[in-house]
Amino acid sequence: MSEGKVEKEHLVFGGVDVVDLAERYGTPVYVTDENELRTNFRSYKSAFETANTDTDIYYAVKANGNLALLRILASEGAGADVFSGGELHLAKSAGIPVDKILFNGNSKSEEELREAVESNVKVSVDSLDELQTLSAIAVEMRKEPEIAIRVNPDVSPAVHQKIATGLRESKFGIPFYETVAACEEAKRLSNILLTGIHCHIGSQILDLRVFREATGKMMNLVEELYEKGIELEFVDLGGGLGIGHSKEEKEIAPTPKDLAEVILPTFEAKMQSLGINPKLILEPGRSIVGPASILVSKVNTVKQAYKNFVAIDAGFNLFIRPAMYDAYHEVVVANKLKDQDSVLCTAVGPVCESGDIIAKDRMLPVVKRGDLVAILDAGAYGFSMSSQYNGRPRCAEVLVCDGKVDLIRRKESVEDLIRNQEIPKRLK
Ligand SMILES: *Cc1c(COP(=O)(O)O)cnc(C)c1O
């Protein structure tokens, strides 16, 4: 979320007064700013559009799979990186063209592989075993799916271990030393069209050196394959660019332009030396949707105990990042923006778990029941990781744009908690 919106007492987001929004839609509620979303996507497009390189941006649907947001990104020309049959369905429902969808996953079911082949999307193959399975399915379906080999490039980003995916021990991808053999095997197999290689090294990466390392390794692989007579149509370097959450982080957080300056020289040099012209694909998730949304919650109660607790109505049921990744997110009191931060407090959710902490030891204004606490930069891995834990229906989502508001997901009701459950007859 961009700074400098403190013209008045109330937080204004996407041209809309957040206090009015909370009154109209209730809390908790996720709010996404359409302009910010478009701007974030366009900054990738412009950073990677050069005379020599043709780049496609495949948005990572798992970061936020709301259809309205996918629709906006589709209108900007986004493709999609999907990780399940469900995400494939979301991407197609939002109108993302199938020739710009890559089906990822380290544990795809046969059914999912069939869906991918049937839908004519590209498949990122995660193991030699999966390669054989996919070939058999393709022969049976009389199709020839395009595939990429998912490479584990064995680089170590300095991020939380739960979000590093390119480490040697990570469950994702084919080990680097086996990738050439895997590509050769793919070439031999019937009904498999090897067109790319793919890696994704982790998430929330703020130090770009690992991207440099991974790009170097991937481009060397392109060369090795070229020398063996395998020419690729695309190189997919994944997502993972981090965003600034705290004020200090915001100052150092790299932009897509910074990322382009790390990737493009290596990419283009290798293309030139080999005289080939593969497409570059990137799969950002967080850096596109993260800063575009806030989660607005209401204070249910305050308590002075060993700590000052501010208990809000959104917990890890709706926003699990602080509990799961120790993620830091800025919080503001949306109806008291001009009040002095004077109390050290900890914002906690309503879930029956002591780990349900949203913001630990923060300076906030004096807060009372009924005040609104907005969690900033909450658009990525927020709603998409929500649950109904503790019998809490999921909240609504709204889209704001230049002062206009649209509901993009109704809040669930208690009916949704029991919708698919059955009590056996003998218990009735
Ligand atoms: C999660 C994921 C992404 C997106 O990562 P961000 O950190 O949100 O940019 C991209 N590609 C793959 C394969 C992923 O698993």
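What's counted below: heavy atoms across the whole structure, side chains too, no hydrogens, waters or symmetry copies. Counting starts at 1 for both ligands and their atoms, in listed order. Everything numeric here is computed off the predicted structure, so don't read it as measured data.
Residue contacts with ligand 1, taken as heavy atom pairs separated by less than 4.0 Å, involve Arg286 via backbone and side-chain atoms alike. Here Ser203 has heavy atoms under 4.0 Å from ligand 1 in both its backbone and its side chain. The proximity of Phe172 to ligand 1, defined as any non-hydrogen pair under 4.0 Å, does not occur for either the backbone or the side chain.
A cation-pi arrangement is absent between Lys122 and Phe103 under the rule of less than 6.0 angstrom and at most 45 degrees off the ring axis. With Tyr328 as the aromatic partner, Lys360 does not meet the cation-pi criteria of under 6.0 angstrom to the ring centre and within 45 degrees of the ring axis.
Side-chain contact check for Val289 versus Tyr59: some heavy-atom pair is nearer than 4.5 Å.
Between Phe83 and ligand 1, no pair of N/O atoms sits closer than 3.5 Å. Not a single N or O atom of Ala60, backbone or side chain, sits closer than 3.5 Å to an N or O atom of ligand 1. Remark: ligand 1 and Tyr381 share an N or O pair separated by less than 3.5 Å (distance only, no angle test). For ligand 1, the polar-atom distance check finds an N/O of Lys62 within less than 3.5 Å of one of the ligand's N/O atoms.
Proximity of Gly240 to ligand 1 is established by a heavy-atom distance of less than 4.0 Å.
Using cut-offs of 30° and 60° for the angle between ring planes, the Tyr389 and Phe316 rings count as parallel.
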Side-chain atoms of residues 220-233: list all donor-acceptor pairs with protein atoms under 3.5 Å, sequence neighbours left out, distances to 0.1 Å.
residue, atom, partner, partner atom, Å
Asn220, OD1, Lys270, NZ, 3.4
Asn220, ND2, Gly216, O, 3.4
Glu223, OE1, Lys270, NZ, 2.5

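Of all atoms in ligand 1, numbered sequentially from 1 with element shown, those under 4.0 Å from a heavy atom of Gly239 are 9 (O), 10 (C). Within ligand 1, counting atoms from 1 as listed, the ones closer than 4.0 Å to a heavy atom of Pro284 are 9 (O). Atoms of ligand 1 lying under 4.0 Å from at least one heavy atom of Arg150, given by number and element, are 13 (C).
Pairing each heavy atom of Met385 with each of Ile320, the nearest pair is SD-CG2, 3.7 Å.
With hydrogens and angles left out, the side-chain atoms of Glu283 and His198 include a donor and acceptor closer than 3.5 Å. Side-chain N/O atoms of Ser43 and Lys257 include no donor and acceptor closer than 3.5 Å.
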